[in-house]
**Student:** 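This is the structure I have questions about; it appears just below.
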Amino acid sequence: MVIGIASVVMTQFSACTQSERQNPLLQDSELPFNAPDFSKIKNSHYLPAFKEAIKQTRENIGKIVENQEPATFENTILPYEESGRLLDKVSRVFFALVDADKTPEIGDIEKKVKPMLTDLENEILFNKPLFERIRQVYDNQHDSLQGEEQKLLEEVYKEFVRKGALLTDEKMERMKAINLRLTELEQQWGDMLPDATNDAVVWVEDESQLAGLSDADIAQCKKDAESRGGKAPYAIVIVNTTQQPLLVSLDNRDLRQKVYEASIHRADGTGKYNTYPIVTEIAKLRAEQAELMGYPNYASYSLEKTMAKTPENVYAFLKSLISQYTAKADAETKAIEDFARQTEGADFQLQPYDRFYYSAKMKKQMLDVSDNETKPYFNVDSVLVNGVFYAANRAYGLTFKERTDIPTYHPDMKTYEVFDKDGKSKALFYCDYYRRPTKRGGAWMDGFAKQSRQWAQLPIIFNVCNSAKAPEGQPSLLTWDEVTTMFHEFGHALHGILSDCQYNRLSGTSVARDFVEMPSQFNESFAAIPEIFDNYARHYETGEPMPAELKDRMLKSINFQTAYALGENLAATCLDMAWHMLKVDEVPTAEQAEAFETDALQKAGVLNPQIPPRYRTSYFNHVWGSGYAAGYYSYLWTEVLAVNIADVFAKRGALKPETGQELCDKILSRGNTGDLMQMFTDFTGMKQPDASTLLKARGL
């Protein structure tokens with residue numbers, strides 16, 4: 001059957017024009033793994049490639065619909081799985097650049113491509129003859145199929161139903177219109193937020209204003225100023241979160257306030273950018289989508305396909321954390337303010353932009369440790385090779401070989417071939433760790449290709465971060481938070497690299513949002529395991545390991561005053577839920593959005609001027625631009641799963657290959673091929689996750 005489908009695709013390809021055959025996106029790559037050949041791909045190739053891939057997808061769908069034989073898994077579901085293969089390939093390459101290297105030309109192409117893709121999605125998902133064949137297979141063969149075939153059928157059928165295939169004609173047309181408008185709004189968001197964040201840069205005229213920063217940080221501020229037009233000798237760049245890393249060290253309180261204000265007001269209309277009109281229209285349209293589908297709100301609609309299942313379950317989870325956290329947060333704030341008053345006077349009032357600064361000084365006094373003291377031991381290259389890769393070798397038997405012969409989309413990237421414990425080639429892994437103006441904020445994992453036995457495709461996975469790249473000739477050094485971010489994103493990468501599934505649709509990270517963050521959060525636990533830590537935490541000049549007493553102080557400091565980190569996450573989660581619990585007529589106007597945010601935080605019990613949301617509404621990209629609507633809670637939810645799994649590793653021996661192999665066999669290799677809670681149970685032996693372990697793991 002596979003050979004037959006492949007021959008159809010090749011027949012269609014042979015009908016391409018000469019220019020299409022010369023388009024590297026429309027032909028097999030000569031590189032290992034069929035990796036994209038960025039030495040040949042030009043921006044001018046993307047739009048023609050999308051048009052041809054969309055055309056082929058339409059033709060493949062047409063063949064399914066025109067088939068006069070009774071619908072079966074073999075003649076309907078398998079061809080449907082194959083129908084968009086070329087489009088998947090082109091999309092994965094192009095949208096990797098949209099996120100990580102969005103030049104103006106790429107942005108212009110994106111504006112043309114997204115409506116085309118939405119039109120195609122509407123055309124397919126509301127194709128009644130196609131859905132009728134899929135429904136026939138579901139009704140007639142579901143119970144007789146097993147394993148991945150049954151799961152694939154379920155996923156395809158439920159996707160059509162959830163997108164509106166059972167709606168009346170009138171409601172179906174309205175859903176199509178909503179989908180198109182949401183695409184336009186998400187495009188506007190994707191264009192505006194990076195521009196707003198880049199524009200929020202704080203210019204600094206004199207180096208004396210940067211007192212407290214390390215020489216490396218000051219050099220980075222100078223480099224950032226030069227790369228952004230040089231309006232002043234130095235620039236403090238705003239990152240995607242509310243709090244800014246440099247506030248830990250910046251002595252100048254007025255400048256700290258200026259940086260913080262630039263962060264929280266980057267996109268709320270106080271400057272030249274205002275995302276609230278986009279946000280409120282997206283929220284209203286999502287509420288209408290839910291209403292059309294028969295749900296009381298978008299959260300109910302969205303959560304149905306997750307482990308949590310309902311908003312009530314999410315709120316019960318959040319309330320249990322908030323009730324335990326609040327007193328600890330207040331005590332933490334008071335302790336920091338009391339400490340600051342020792343030097344600033346009894347009337348000193350702690351502000352959000354002061355918190356990290358005095359907390360760091362307090363940590364230095366109590367534990368005698370600071371980022372500037374530890375960063376020389378966290379060279380990005382050592383963290384990657386001697387930490388992230390070393391842990392993957394010890395736990396899963398993987399080895400890594402750098403490939404300098406495989407082109408990348410940016411010179412900062414590195415590429416590695418991954419081998420399994422038997423020396424068999426397993427995957428390609430790309431890493432792109434340094435920030436630049438064309439890259440959106442944050443850190444993420446994705447792939448140029450997912451693993452699929454059906455397609456004979458091994459995974460081609462990449463990680464993207466936003467660490468500062470040191471000036472030429474200097475080492476790029478990381479904070480502990482950046483170290484754990486690298487381990488986190490590689491946990492996602494492992495979910496893709498270790499995948500062993502038949503179908504592309506089910507493989508790798510194609511799981512519910514409140515499960516997908518579990519492998520990544522679990523992988524963070526390896527960063528502090530002594531054997532692994534000692535292997536990568538080495539001084540960038542001498543190669544000497546971090547001294548034992550500094551290591552002890554640093555590891556003790558990991559859970560120092562962690563109420564803030566939990567609080568900012570809880571606040572952001574409650575904001576996400578509040579926006580998506582609304583009915584259409586309850587969505588505030590753009591002018592009311594800020595007041596709605598304040599009211600929502602107050603009602604949830606997390607309105608705390610000292611602990612603002614990790615992302616405010618106006619720059620909450622997870623929710624408005626990255627598919628986490630009514631799903632940001634999943635970071636906390638999956639942290640519970642991750643802590644439970646880490647406990648199993650600790651009991652059995654954290655680096656025992658047998659334990660890693662079992663996790664691979666029961667979870668990491670299986671993608672979305674089975675019930676996710678059952679996978680968790682199969683590995684841990686627990687029928688339900690134990691949330692009581694979360695606060696303990698955070699030192700609370």
Side-chain angles (χ1 to χ4, degrees), residues 95-103 106 190 192-202 213-214 216-217 219-228 235-249 259 262-263 266-267 356 371 375 378-381 383-384 387-388 408-414 429-446 461-471 474-493 517 520 524 527 565 568 572 614-615 619-622 625-626 628 635:
F95 286 107
L97 270 67
V98 167
D99 285 338
D101 199 22
K102 189 175 181 178
T103 62
I106 290 292
M192 185 180 293
L193 185 60
D195 289 345
T197 304
N198 282 328
D199 188 68
V201 62
V202 176
L213 301 188
S214 67
D217 285 335
Q220 184 63 48
C221 289
K222 186 174 183 179
K223 180 181 176 183
D224 286 336
E226 292 168 352
S227 69
R228 285 162 173 78
I236 296 177
V237 174
I238 300 301
V239 302
N240 62 320
T241 52
T242 293
Q243 284 287 7
Q244 301 297 305
L246 291 187
L247 296 184
V248 171
S249 307
V259 170
S263 174
R266 72 186 78 174
F356 280 18
D371 283 344
K375 283 173 70 173
F378 297 144
N379 184 320
V380 64
D381 294 325
V383 173
L384 177 64
V388 171
T408 60
Y409 60 73
H410 194 278
D412 282 346
M413 298 179 75
K414 290 185 177 181
F429 173 69
Y430 297 67
C431 48
D432 178 7
Y433 288 143
Y434 303 123
R435 72 175 180 234
R436 51 182 171 269
T438 55
K439 183 189 288 188
R440 72 170 173 86
W444 61 93
M445 163 269 181
D446 211 325
I461 305 300
F462 58 83
N463 278 171
V464 184
C465 295
N466 265 282
S467 302
K469 184 182 181 184
Q474 297 182 34
S476 293
L477 306 177
L478 306 176
T479 65
W480 175 252
D481 282 347
E482 290 171 325
V483 170
T484 56
T485 295
M486 284 178 61
F487 275 86
H488 177 102
E489 296 306 331
F490 194 72
H492 284 308
E517 294 295 335
S520 55
E524 291 181 32
E568 66 169 355
R614 183 170 175 82
Y615 307 97
Y619 50 90
F620 205 161
N621 189 63
H622 285 77
S626 294
Y628 273 73
Y635 284 94

**Student:** Could you tell me if the side chain of Met486 sits less than 4.5 Å from the side chain of Val380, heavy atoms only?
**Tutor:** yes
**Student:** If I take atom CD from residue Gln474 and atom CD from residue Gln220, how far apart are they, to the nearest 0.5 angstrom?
**Tutor:** 9.5 Å
**Student:** With rounding to the nearest 0.5 Å, note down the distance linking NZ in Lys469 to OG in Ser227.
**Tutor:** 12.0 Å
**Student:** If you take all heavy atoms of Arg228 and Val201, which pair is closest and at what distance?
**Tutor:** CD-CG2, 4.4 Å
**Student:** For the residue pair Ala262 and Ala200, what are the closest heavy atoms and their distance?
**Tutor:** CB-O, 3.5 Å
**Student:** How far apart are the C-alpha atoms of Trp444 and Asn466, what are their side-chain angles, what is the distance that settles it, and do they pass the side chain to side chain contact (heavy atoms under 4.5 Å, CB included) test?
**Tutor:** CA-CA 10 Å; Trp444 61 93; Asn466 265 282; 4.3 Å; yes
**Student:** Pick one: which of Thr241, Thr197, Thr242 meets side-chain hydrogen bond (donor to acceptor under 3.5 Å, both in side chains) with Tyr619?
**Tutor:** Thr242
**Student:** Please assess Leu384 against Cys431 for the test side chain to side chain contact (heavy atoms under 4.5 Å, CB included), listing each intermediate value before the final yes or no.
**Tutor:** CA-CA 9 Å; Leu384 177 64; Cys431 48; 3.8 Å; yes
**Student:** Could I get the full list of salt bridge (charged side-chain N to carboxylate O under 4.0 Å, His left out) partners for Lys439, not counting sequence neighbours?
**Tutor:** Asp432
**Student:** Going from OG1 on Thr438 to CG on Asp99, what distance comes out if it is rounded to the nearest 0.5 angstrom?
**Tutor:** 11.0 Å
**Student:** Name all residues meeting the salt bridge (charged side-chain N to carboxylate O under 4.0 Å, His left out) criterion together with Arg266; count only those two or more places apart in sequence or in a different chain, and write none if there are none.
**Tutor:** none
**Student:** Which pair of non-hydrogen atoms, one from Cys465 and one from Glu489, has the smallest distance, and what is that distance?
**Tutor:** SG-CG, 4.3 Å
**Student:** Sequence neighbours left out, what passes ring pair (Phe, Tyr, Trp, His ring centres under 6.0 Å) with Tyr628? Give chain and number order.
**Tutor:** His622, Tyr635
**Student:** For a quick test of reading the model, state the closest non-hydrogen atom pair linking Ala493 to Phe429 and the distance between them.
**Tutor:** CB-CE1, 3.9 Å
**Student:** CZ of Phe462 to CG of Asp446: how many Å apart, nearest 0.5 Å?
**Tutor:** 4.5 Å
**Student:** Would Leu213 and Cys221 satisfy side chain to side chain contact (heavy atoms under 4.5 Å, CB included), going step by step from the backbone distance to the final call?
**Tutor:** CA-CA 10 Å; Leu213 301 188; Cys221 289; 4.2 Å; yes
**Student:** May I ask you to test the Gln243-Phe356 pair for a side-chain heavy-atom distance under 4.5 Å?
**Tutor:** yes
**Student:** Please determine whether side-chain hydrogen bond (donor to acceptor under 3.5 Å, both in side chains) holds for the pair Glu517 and Ser520, giving the CA-CA distance in whole Å, both sets of side-chain angles, and the decisive distance to 0.1 Å.
**Tutor:** CA-CA 5 Å; Glu517 294 295 335; Ser520 55; 3.2 Å; yes
**Student:** With rounding to the nearest 0.5 Å, note down the distance linking OG1 in Thr408 to NZ in Lys414.
**Tutor:** 11.5 Å
**Student:** When you measure from the side chain of Asn463 to the backbone N and O of Phe490, does any donor-acceptor pair fall under 3.5 Å?
**Tutor:** yes
**Student:** Do you know the tightest heavy-atom contact between Lys223 and Ala470?
**Tutor:** NZ-O, 3.8 Å
**Student:** So which of Asp412, Asp101, Asp224 actually passes salt bridge (charged side-chain N to carboxylate O under 4.0 Å, His left out) with Arg435?
**Tutor:** Asp224
**Student:** Determine, stepwise, if the pair Asn379 / Leu477 fulfils side chain to side chain contact (heavy atoms under 4.5 Å, CB included).
**Tutor:** CA-CA 5 Å; Asn379 184 320; Leu477 306 177; 4.2 Å; yes
**Student:** Taking Gln244 for the side chain and Val239 for the main chain, is one N or O donor matched with an acceptor at less than 3.5 Å?
**Tutor:** yes
**Student:** With rounding to the nearest 0.5 angstrom, report the OG to CD1 distance, Ser263 to Ile238.
**Tutor:** 5.5 Å
**Student:** Restricting to non-hydrogen atoms, name the atom on Gly387 and the atom on Phe487 that form the minimum distance, rounded to 0.1 Å.
**Tutor:** C-CZ, 3.6 Å
